[in-house]
Amino acid sequence: MKIGFIGLGNMGAPMAANLVAAGHAVTGFDLTAPCPDGVSKAASAAECATAQDVVITMLPNGAILRSVAAEIVPAMQAGAGFVDCSTVDVESARAVADDAVAAGLLPVDAPGSGGIGGAAGGPLTFMAGGSDAAFAKADPLFDIMGQKAVHCGASGAGQAAKICNNMILGVTMIGTCEAFALADKLGLDRQKMFDVVSTSSGYSWSMNAYCPAPGIGPQSPADNDYKPGFAAELMLKDLRLSQQAAETVDAATPLGQHATDLYKTFVEDEDGLGMDFSAMLPRFEKKSR
Ligand code: NAD
C-alpha cells in the first residue's frame, strides 16, 4: 500500500519503520522528528496525505489531531483510510471521523496499548472504532504495527476502550504500589509479597507483568531506576481523558478521579515528571499516613 505517516515520535517512528520492513511505500511528515530509514520525507502534512491508500497519524493530543485533520482531509483521495493511532479525547476522535466520512474517507480511531517497547517490538494491541469497511481497510496494517486489533464499535469506541483500560491500569498500579509500601512497613518480604499476590486474587498486570518493586518479578522499569517505560505524565494524560469523558456522560468514577489527582500531584508537585508511572512505589515509601 501507499501510506502517509504523520507524527514520527517515540511511537510513530518504529510503527512507520515496521510498515517499511513489511514492504509498504511510506511517506512521512513530522514538524521536528526525522524520518526513519526507508520513509520518504514530505514537505507538509497535506503533501504527505495526497494520493495515499491510507494515512496514519500518531500525534500528541486531540487539538493537534483536529488541526492536522483539517489540513489533510481535503488533500486525501476518496476511499482512502484515515487511521488515527494517537490517544485523544473521544469528542475529537468523533469530530475528525465525521469530517472524514463527509469527505468520502474511511476513518478509524485506533489508539494502541503497549508503550514504546511495544511499538518497536510489535506487541502493540490496537483498539479500533469505525465502520466495518474502514476497519477492514486498516486491519492488515494493524497486524504489521502490532500483535492484534480489536474492532470495538463505531467511531470513538477505540478511544473509549483505551481510556477505560488505562483508568484500570492507573488504579491498579496505585493499589499495587500502596500495598507494597504497606507490606514493607508490616515487615513482609517483597519477594514473598509478589509470590503470594501474583498467584492470588490481588493479581493484575501491574503486579504480574510490570511489578513496580525493583528486583522482583519480570524485568520492568523498576529495574532501570524507573526510567519509562510508560511515563507518569502520559498516565496522567490518559487519566484526565478518562475523567473528561466521564464528565461528558455523567459516569461515576471515584477511583479514576482519585488516581488522576494522585498522578497530578506526583507529576506536577513531586518528582514524578519523566519517571515511569510505576515510580508511585518509591513515592509511597516516603509517605506516612
Ligand atoms: P511524541 O511526542 O514522541 O511524538 C509525537 C510527534 O508528533 C512528535 O514527533 C511531534 O513533533 C509530532 N507532531 C506534533 N504536532 C505535529 C504536527 N502538527 N504535524 C506533524 N507532526 C507533529 O509522542 P509519542 O510517545 O510518540 O505518543 C504519540 C501518541 O501515542 C500520543 O497520543 C500518546 O498519548 C500515545 N501513546 C503513547 C505511548 C507511549 O508509551 N509513548 C503509549 C500509548 C499511546
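Order of appearance sets the numbers: ligands from 1, and atoms from 1 within every ligand.
Against a heavy-atom cut-off of under 4.0 Å, G9 is close to the following atoms of ligand 1: 3 (O), 4 (O), 6 (C), 9 (O), 26 (O). Listed by number with element, the atoms of ligand 1 under 4.0 angstrom from any heavy atom of A33 are 9 (O). Against a heavy-atom cut-off of under 4.0 Å, F29 is close to the following atoms of ligand 1: 19 (N), 20 (C). Within ligand 1, counting atoms from 1 as listed, the ones closer than 4.0 Å to a heavy atom of I6 are 20 (C). Interface atoms of ligand 1 facing L234, defined by a heavy-atom separation under 4.0 Å, are 39 (C), 41 (N). Counting atoms of ligand 1 from 1 in the listed order, those under 4.0 Å from a heavy atom of K237 are 31 (C), 32 (O), 33 (C), 34 (O). Atoms of ligand 1 found under 4.0 Å from any heavy atom of T32, numbered from 1 in the order shown, are 11 (O).
Looking at T57 and D84, their side chains do bring a donor and an acceptor atom within 3.5 Å of each other. In this structure, a donor-acceptor pair under 3.5 Å is absent between the side chains of T87 and Q159. For R66 and S92, the side-chain atoms include at least one donor-acceptor pair closer than 3.5 Å. S206 and T172 form a side-chain donor-acceptor contact under 3.5 Å, judged by distance and modelled atom types alone. With 3.5 Å as the limit, one finds a donor-acceptor pair spanning the side chains of T253 and Q243.
Neither the backbone nor the side chain of M235 has a heavy atom within less than 4.0 Å of ligand 1. Only the side chain of I64 comes within 4.0 Å of ligand 1, judged by heavy-atom distances. By the criterion of a heavy-atom distance under 4.0 Å, neither the backbone nor the side chain of V88 is placed next to ligand 1.
In this structure, R190 pairs ionically with E285, as a charged nitrogen and a carboxylate oxygen lie closer than 4.0 Å. We find that K287 and E270 are joined by a salt bridge, their nearest charged nitrogen and carboxylate oxygen being less than 4.0 Å apart. Checked for salt-bridge contact, R240 and E268 meet the test: a charged N lies under 4.0 Å from a carboxylate O.
Ring planes of Y210 and F277: tilted class, angle from 30 to 60°.
Residue-ligand proximity: P60 is placed with a non-hydrogen atom under 4.0 Å from ligand 1.
Proximity annotation for atom 5 (C) of ligand 1: of M11, K162, M58, M15, M58 comes nearest, heavy atoms only. Taking each of L59, V68, L8, T87 in turn, the one with a heavy atom nearest to atom 35 (C) of ligand 1 proves to be T87.
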